[in-house]
Protein chains: 2
Amino acid sequence: MAKTSERKADLISAAQRALAEHGSAVRLNQIAEAAGVSSGAILYHYAGIDELLVEANRAGMERFYNERLEMIASIPDPAERLERIISLGVPRSAEDEDVRLLCSLGGEAARNTMYAVLLTSLYDRQVGLYQGILELGVSQGVFHLAQGSLTIARNLVALEDAYGYRIIAKHPTLDYSSAVDLILEYARLATGHALLTSKPASKAHPRKITTIQPRRENQ
Amino acid sequence: MAKTSERKADLISAAQRALAEHGSAVRLNQIAEAAGVSSGAILYHYAGIDELLVEANRAGMERFYNERLEMIASIPDPAERLERIISLGVPRSAEDEDVRLLCSLGGEAARNTMYAVLLTSLYDRQVGLYQGILELGVSQGVFHLAQGSLTIARNLVALEDAYGYRIIAKHPTLDYSSAVDLILEYARLATGHALLTSKPASKAHPRKITTIQPRRENQ
DNA sequence: ATAAAAACTGAATCTCAGTTCAGATTATTA
DNA sequence: TAATAATCTGAACTGAGATTCAGTTTTTAT
């Protein structure tokens, strides 16, 4: 047993894990199993599965955004900050939970207004973040933008999103470092700054990709 | 009644329509209704619903690719060809069937190898297409690439994909023409060519967006 | 025109997942 | 400690959707 507030956090975390593993078609039982409780316990805290899924997805997005926000806060140099935020936005492997979550939502957004709003909001916030970095660089004289900062910011976030999908789909040659390089190439062109050569940026919460898990395929 | 070969084409078409409307969680009955037959009739031609869905998705991708291939074949100027293929790859509205289909597959690809392979193949073919146009432009002296043609091609296709998702998610300000403009801005920068000002390119098969359909939301 | 094959229907079946709930277990309060 | 409230379980219920199939209609072949 646990207090409702604590248990809700557990359930959201379990839902995120189950979501990353089974996609948007997760079953209540799968979440219950991930949480180590019965399905009834979940329905004690949430009116229905949809309510929990929305909370889990929202929390996952917030984490994806805030994590990066914190990790670049201490970096003073705009160029390094830009390079770092890009490398943090690309999934390291097809098993990245956060990005898997986001990818599975992309398709839902067409039919579910809530998810559409959440994704749109995340995109816009990321654009704002990038735009801030770009303009900081301009004011410090290190960036010489070839295009408007909004244009560059939008395109950078778009590239990040798209390569996330490619990596989640296990593109045979387009892996993490090539994706980062591709985005950086555009960033160099648009900012007139050589930026850093892409070096492996350590992630705060290393994904658990050490153990190879048995894969379950549909059909 | 119809011959198996003809009926299969009908069913694939119906499945595509149902897929665009209901997403990857389409029901057999929904496809049957779209095709105007009973669910049993579908199972007469296909062993299961998954088999039909794979065929429908594959055919949808082929159409998405081949349609554009044909429409630019008659355009001699590389710059105009590039501009045209970009404007044809971005969905005109959130109701675009082809792109809705592709978006709903993006999330599935994480768990379904078949869809992952199909999407990867589509991406690579599009990249090849773009790369060919870029190098044609170079050989004619109209493009002066600021980056490798593979880099530019990959980034252009990635941008196209990402803005497709934004439009499907009904971004309030990022509509068709702004998305095309954003991609063209990168294309200009990377090719050193002013390209064309984005003018509305007529699509071969105008989507049926004239009638406003009642929307059904989840939750 | 008639027989055989193909295509199809509609109902029955089966399975599975979400939800409900009566009772058990654990925590909290007095 | 006793009483009350909160949390949870496991079984039963419910509905939806995939699949099967016996029989019907349509097409094709002779």
Side-chain angles (χ1 to χ4, degrees), chain A residues 1-57 104-105 107-108 111-112 114-115 216-219, chain B residues 1-57 104-105 107-108 110-112 114-115 214 216-219:
Chain A
M1 273 200 192
K3 263 188 289 191
T4 280
S5 56
E6 296 164 357
R7 179 45 50 97
K8 276 202 170 187
D10 289 347
L11 294 181
I12 287 175
S13 166
Q16 287 172 344
R17 271 175 283 133
L19 221 27
E21 188 182 348
H22 302 103
S24 52
V26 232
R27 306 299 161 192
L28 180 58
N29 290 327
Q30 294 168 329
I31 300 176
E33 188 184 7
V37 298
S38 71
S39 63
I42 293 178
L43 277 313
Y44 174 79
H45 295 283
Y46 293 92
I49 186 178
D50 288 345
E51 193 179 311
L52 170 57
L53 288 182
V54 169
E55 275 208 37
N57 280 310
S104 67
L105 281 192
E108 297 299 300
R111 264 151 271 97
N112 189 316
M114 175 63 79
Y115 290 140
R216 201 176 320 156
E217 301 287 351
N218 298 339
Q219 57 187 314
Chain B
M1 273 198 191
K3 262 187 291 192
T4 280
S5 57
E6 297 164 357
R7 178 45 50 97
K8 277 202 169 187
D10 289 347
L11 294 181
I12 287 175
S13 167
Q16 287 171 343
R17 271 174 284 133
L19 221 27
E21 190 182 346
H22 302 104
S24 50
V26 231
R27 306 299 162 192
L28 180 58
N29 290 329
Q30 294 168 330
I31 300 176
E33 188 183 8
V37 298
S38 71
S39 63
I42 293 178
L43 277 314
Y44 175 78
H45 294 284
Y46 293 93
I49 187 178
D50 289 345
E51 192 180 312
L52 170 57
L53 288 182
V54 169
E55 275 208 36
N57 281 310
S104 67
L105 281 192
E108 298 298 301
R111 274 158 307 285
N112 189 315
M114 175 65 76
Y115 291 139
R216 201 177 319 156
E217 301 287 350
N218 299 340
Q219 55 189 311

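Model, not experiment: these values are computed from the prediction. In what follows, chains carry the letters A, B, and so on, assigned in the order in which the sequence lines appear, proteins first and then strands, with residues in each chain numbered from 1.
- The distance between atom CD1 of A:I42 and atom C1' of D:dT9, rounded to the nearest whole Å, is 13 Å.
- With rounding to whole Å, B:Y46 atom OH is found 17 Å from D:dT20 atom P.
- Residues that satisfy the side-chain contact (heavy atoms from CB on, under 4.5 Å) test with A:L28, not counting sequence neighbours, are A:S39, A:I42, A:L43, A:I49.
- Taking atom CG of A:D50 as the reference point, atom P of C:dA17 lies 16 Å away to the nearest angstrom.
- For A:S38, there are no side-chain hydrogen bond (donor to acceptor under 3.5 Å, both in side chains) partners at least two apart in sequence or on another chain.
- As rounded to whole Å, 14 Å separates atom P of C:dA6 from atom NZ of B:K8.
- The distance from the CG atom of B:L53 to the CG atom of B:L19 is 6.0 Å, given to the nearest 0.5 Å.
- Side chains of A:N112 and A:V54 form no contact here, defined as non-hydrogen atoms less than 4.5 Å apart.
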Dump the pairs, protein N or O against N or O of nucleotides 21-23 of chain D, anything under 3.5 Å, distances to one decimal.
none

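- For B:I12, the side-chain contact (heavy atoms from CB on, under 4.5 Å) partners at least two apart in sequence or on another chain are B:Q16, B:Y46, B:L52, B:E55, B:A56, B:A59.
- In this view, B:E33 satisfies the side-chain contact (heavy atoms from CB on, under 4.5 Å) rule with no residue, not counting sequence neighbours.
- For A:S24, the side-chain hydrogen bond (donor to acceptor under 3.5 Å, both in side chains) test picks out A:E108, with sequence neighbours left out.
- Considering all non-hydrogen atoms of both residues, A:K8 and A:H45 come closest at CE-O, 3.7 Å.
- When the side-chain nitrogen and oxygen atoms of B:R7 are compared with OP1 and OP2 of C:dA6, none of them lie within a distance under 4.0 Å.
- Note: CD (B:E33) to P (C:dT9) measures 13 Å, nearest angstrom.
- Atom NE2 of B:H45 and atom C1' of D:dT19 are 16 Å apart (whole Å).
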Practice item. Let me have a per-nucleotide readout for nucleotides 12-18 of chain D, 5' to 3', with B, S or -, counting only protein heavy atoms under 4.0 Å. Key: -----SS

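- Among all heavy-atom pairs drawn from A:A20 and B:R111, the shortest one is O-NH1, 3.6 Å.
- For the pair A:L11 CG and D:dT9 P, the interatomic distance rounds to 10 Å; values are reported in whole Å.
- Residue B:Y44 has no polar side-chain atom (N or O) positioned under 4.0 Å from OP1 or OP2 of C:dC8.
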